[in-house]
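One is the number of the first residue; the rest follow in order along the sequence.
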Amino acid sequence: MSACTPTRHDDPHRKEHSHEPHSPPSPRPRGPRLTGADVSASIAVFLIALPLSLGIALATGAPLQAGLVAAAVGGVVVGRLGGAPLQVSGPAAGLTVVTAELIQRYGWRTTCAITVLAGLAQLGLGLLRVARTALAVSPAIVHGMLAGIGVTIAVAQLHIVLGGTPHSSVLLNLRDLPAQLARVQTAALSVSALTLCLLLAWPRLPGRAGRFLRVVPAPLVAVTGATTSAALLGFGLPKVDLPSWSSHALAGLPEGPALGLIAAVLTITLVCSVQSLLGAVAVDKMVAARPALSGRVRRADLDRELLGQGAANVVSGTLGGLPIAGVAVRSTANVNAGAVSRNSTMLHGVLVVIAALLMVPVLELIPLASLAALVMAVGIQMVSLHHIRTVTRHREVLVYAVTTVGVVFLGVLEGVALGIGMAVAVALHRLTRTRITHHEKEGVHHVHVRGQLTFLAVPRLSRTLHLVPQGAHAVVELDGSFMDHAAYESLQDWQSTQTAHGGTVELVGRRTGVRIGEPTGPAGLHPDGGTTAPDSSGCRCHPWTPWRNHQCAIPETGSAHRSDAKTTTTRTPEDTEHTEPSGLTAKLDALGAPGALGTPGATVEAPAPPSSPRAPDATTPTANQLARGISAFQRNTAPLVRSELARLAREGQQPSQLFLTCADSRLVTSMITSSGPGDLFVVRNVGNLVPPPGEESGDDSVAAAIEYAVDVLRVRSITVCGHSGCGAMQALLAADQDTAQTPLRRWLRYGGPSVARMADGSRPAARLAGRAAADTVEQLCLTNVIQQLEHLRAHDSVSRALRAGELELHGMYFHVGEAQAYLLSEVHEGEVFDHVGVADLTA
């Protein structure tokens, strides 16, 4: 069975390896070698980049050679200097509209100069190390910008698809579209339609032959098919025209108004930088989803990537190329093709140079209508339905729509500015939008505050609070994460007045899932915007934040009958006290595991009393604690899970896993497995033991649960989970044969085979993430998991399911102190418990 492997933490105590004083220095690390995977990936990316670069150059109105220059420079320069090894850069569709507008306004040579200046600006930003600041831009703005650019590209290229010539304005293109439809050129439309059909159908070829053919990129197939068809049918269509490189226009001195040039440089810098940085983050996610790459490819260095993009834009602009940015289509192809280093990106750039020098006659056979159809498809894909659903779900569709419309009708810079303004307005609206409601139920007045409590909400808060009669019982539910000083004072003054007239106030923090105050008295507020009870009687524990056994201070009610009880009191970081009878500690001491279930901390012991059995009632601390927990569940958690539990009640339980673990209170199975109701069928006992079948006086409880889970529930996996510091394992190591055979002693005999297995020198010792166990107790805990898995295989129901391939067995070890889970890998080859890594959780 396999185990996941996460990022390993460096050991601070690990010794550094150094050479002997007279040993020769180690050779400098060499760069990554060119592998077959990089070569094949570079060819795949090159075949995609070649037609796309020509198409984007056509869409901008630049010389077609400019697209090839940008593709070559993006591959070689960014590939060598950039910080994202597998991201492929070149002329991007997201820059098409901006570049086309600059060429129309300033001419090609000045546009090249603007590209050089934008590259210098990127170098400056990279040196200032502000790359991650660009990621603060709302994704809704970025997606809206790309969608607006995509709409602009698609509308413009549609004219070429139909055999016409596009205008520089979207409005003009839309206005002339009916007239263009009336005079469609059949040959151009046929070539474009064939291109689109091949582009859409090629990735969907079925069967084994389809998988083999899909190795060839769809854009190359589409353009090649359309070019061949046009040549065979003799269509006299405009084709690619690549003039001699000797007449290629290079950058010149910028000419035009200073403010306009500055705005142009800022626009190119913004679009190139944001698109490249977001692309680098996306490539990191793709690499993390591939375990074979995650250990070989470093995460992107965003500042270095910005420096590489800047250097590439300087070189591209100087050589007469288009602006450069990271390209999602080529980067995705690079990762999917199996690239393992930046060599694939650089080699693809070299291939573009070779093609630009040696394949000019072939490239000049491509009809412009085919390239236009290819770029139009790219523009349509930039309007992503997935992005629209995402921004709608996060209530940012207005930001997305404003940005898109602004880019389409005003321009990229203007549209982004509008989007930023709308994003700020939406954020302010959310901050100031606070809903305050009041209703009375069974004599209790409930005030519910949804949203942030700022000074803007104080008038409404005050009006609502004064609807509660003086002297009445009130519950105020604060469903928000912020309260400023004005709101704090308003709520505190009302609370003081209410309690002065004999009323009670209960403050409830819905977000934290806890009760802040007791209904029998007033609760206090902290000026920092938080809330808490004036004494220690209220629960202040938060789910999955630092707490000590999730025990809150218990009021000393009923102390008359407890004053003589021997107790162990533990002081926690939150200054709360925990009391537990010393009898538990005494029993653990008798088992040789002193303090195994105790909580570390300073202890104060009082004299032992003669105790009389007494059933807890509603006035005992234990009953109060239980009632508070149930009340918090009914008030906070039950409304959130009621629908899911109702579904489970209708459908019955259908867990996929049987989880067999120790009864230790520190093991919260739902937390360490991120599971919910209905996911796990859990069996817990002392020591996570599985009694072998057929034992005399054996325990049928565990066997019955196993049989029910496998034969009735049809679980697909069984996990035996041990943990560090197990009291049962310590008791086994300290076993005394003369000790009376208590029920606990009789149960622990099922752990005897684990002790014998550990003592067997012929077996390999179980290891934890490649290291030896820290001590004998940990060694027994690990060995016990392996031994109980063998006991598990002996059960008839498990054995049958394993033979049928319907069941998997897993061993797990949870280190409580480190909050780290380990899975057993290769039980019969080394018995190693290995880390569970984040990268594998996505599989």
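For the pair Leu58 and Leu64, the minimum side-chain heavy-atom distance is below 4.5 Å. Inter-residue side-chain proximity for Val98 and Ile268 is flagged as met; some heavy-atom pair is nearer than 4.5 Å. At a threshold of 4.5 Å between non-hydrogen side-chain atoms, the residues Ile48 and Leu220 do not count as touching. Contact check for Leu307 versus Leu127: side-chain heavy atoms found under the 4.5 Å cut-off. The shortest side-chain heavy-atom distance between Leu306 and Ser273 falls under the 4.5 Å cut-off. You'll find the side chain of Ile141 reaches within 4.5 Å of the side chain of Val416, heavy atoms only. For the pair Val352 and Phe46, the minimum side-chain heavy-atom distance is below 4.5 Å. Cys272 has its side chain within reach of Leu95: a pair of non-hydrogen atoms, C-beta onward, lies under 4.5 Å apart.
Judged by distance alone, the side chain of Ser384 and the main-chain N or O of Gln381 form no donor-acceptor pair under 3.5 Å. Side chain of His348 to backbone of Thr345: a donor-acceptor contact under 3.5 angstrom is found. Here the side chain of His394 pairs a donor or acceptor atom with the backbone of Thr390 at under 3.5 angstrom. A donor-acceptor pair under 3.5 Å is formed between the side chain of Asp38 and the backbone N or O of Val340. Side chain of Trp202 to backbone of Cys197: no donor-acceptor contact under 3.5 angstrom is found. Checking side-chain atoms of Thr228 against main-chain N and O of Gly225 turns up no donor-acceptor pair under 3.5 Å. Remark: side-chain polar atoms of Ser192 are paired, donor with acceptor, to backbone N or O of Ala369 under 3.5 angstrom.
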Check: residues 74-91 side-chain donor-acceptor pairs under 3.5 Å, at least two apart:
{"unit_1": "Gln87", "atom_1": "OE1", "unit_2": "Ala280", "atom_2": "N", "d": "3.1"}
{"unit_1": "Gln87", "atom_1": "NE2", "unit_2": "Ser276", "atom_2": "O", "d": "3.3"}
{"unit_1": "Gln87", "atom_1": "NE2", "unit_2": "Glu305", "atom_2": "OE2", "d": "2.8"}
{"unit_1": "Ser89", "atom_1": "OG", "unit_2": "Gln309", "atom_2": "NE2", "d": "2.7"}

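A tilted orientation is assigned to the rings of Tyr813 and Tyr822, their planes being inclined by 30° to 60°.
The two residues Thr403 and Gly144 come nearest to each other via the heavy atoms CG2-C, 3.8 Å. Counting all heavy atoms, side chain and backbone alike, Ala373 lies closest to Leu196 at O-CD2, 3.4 Å. Nearest heavy-atom pair, Asn334 versus Ala41, reported as atom, atom and distance to 0.1 Å: OD1-CB, 3.7 Å. Taking all atoms of both residues into account, the shortest heavy-atom contact from Ala333 to Val45 is C-CG2, 4.3 Å. Taking each heavy atom of Val283 and Ser331 in turn, the nearest pair found is CG2-CB, 3.8 Å. The two atoms that bring Ala154 and Ile380 nearest to each other are CB-CG1, 4.0 Å, heavy atoms only.
For the atom pair CD1 of Ile43 and OG of Ser344, the computed distance is 11.5 Å after rounding to the nearest 0.5 Å. Of the inter-residue distances, the one linking Thr267 atom OG1 with Leu102 atom CG reads 7.5 Å to the nearest 0.5 angstrom. Rounding to the nearest 0.5 Å gives a distance of 12.5 Å between OG1 of Thr227 and CD of Glu364. Between Lys239 atom NZ and Leu363 atom CG the span is 13.5 Å, to the nearest 0.5 Å. Considering CD of Gln157 and OG1 of Thr152, their distance stands at 11.0 Å, rounded to 0.5 Å. In this structure, Leu351 CG and Met346 CE are separated by 12.0 Å, a value rounded to the nearest 0.5 Å.
Remark: Arg771 CZ is packed, more than 12 non-hydrogen atoms of other residues, nucleotides or ligands lying under 6.0 Å away.
Among residues two or more places apart in sequence or in another chain, the side chain to side chain contact (heavy atoms under 4.5 Å, CB included) test is passed with Ile103 by Thr60, Ala62, Thr99, Trp108, Thr111. Asp303 pairs by the salt bridge (charged side-chain N to carboxylate O under 4.0 Å, His left out) definition with Arg129, not counting sequence neighbours. A search for salt bridge (charged side-chain N to carboxylate O under 4.0 Å, His left out) contacts involving Glu101 returns Arg105, not counting sequence neighbours. Applying the side chain to side chain contact (heavy atoms under 4.5 Å, CB included) rule to Leu319 yields the partners Val69, Val73, Val315; only residues at least two apart in sequence or on another chain are considered.
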Trace of the side-chain contact (heavy atoms from CB on, under 4.5 Å) decision for Tyr400 with His143 = CA-CA 7 Å; Tyr400 179 92; His143 298 323; 3.7 Å; yes

Let me see the working for Leu123 and Leu120 under side-chain contact (heavy atoms from CB on, under 4.5 Å), right down to the final yes or no.
-> CA-CA 5 Å; Leu123 288 174; Leu120 294 174; 4.2 Å; yes

Run the side-chain contact (heavy atoms from CB on, under 4.5 Å) check on Ile153 and Val375 step by step: do they pass?
-> CA-CA 8 Å; Ile153 292 172; Val375 176; 3.5 Å; yes

Derivation and outcome, side-chain contact (heavy atoms from CB on, under 4.5 Å), residues Val407 and Val97 = CA-CA 9 Å; Val407 170; Val97 175; 5.7 Å; no

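Residue pairs that meet the side chain to side chain donor-acceptor pair (under 3.5 Å) test with at least one member in residues 310-321, sequence neighbours left out, are Gln122-Asn313.
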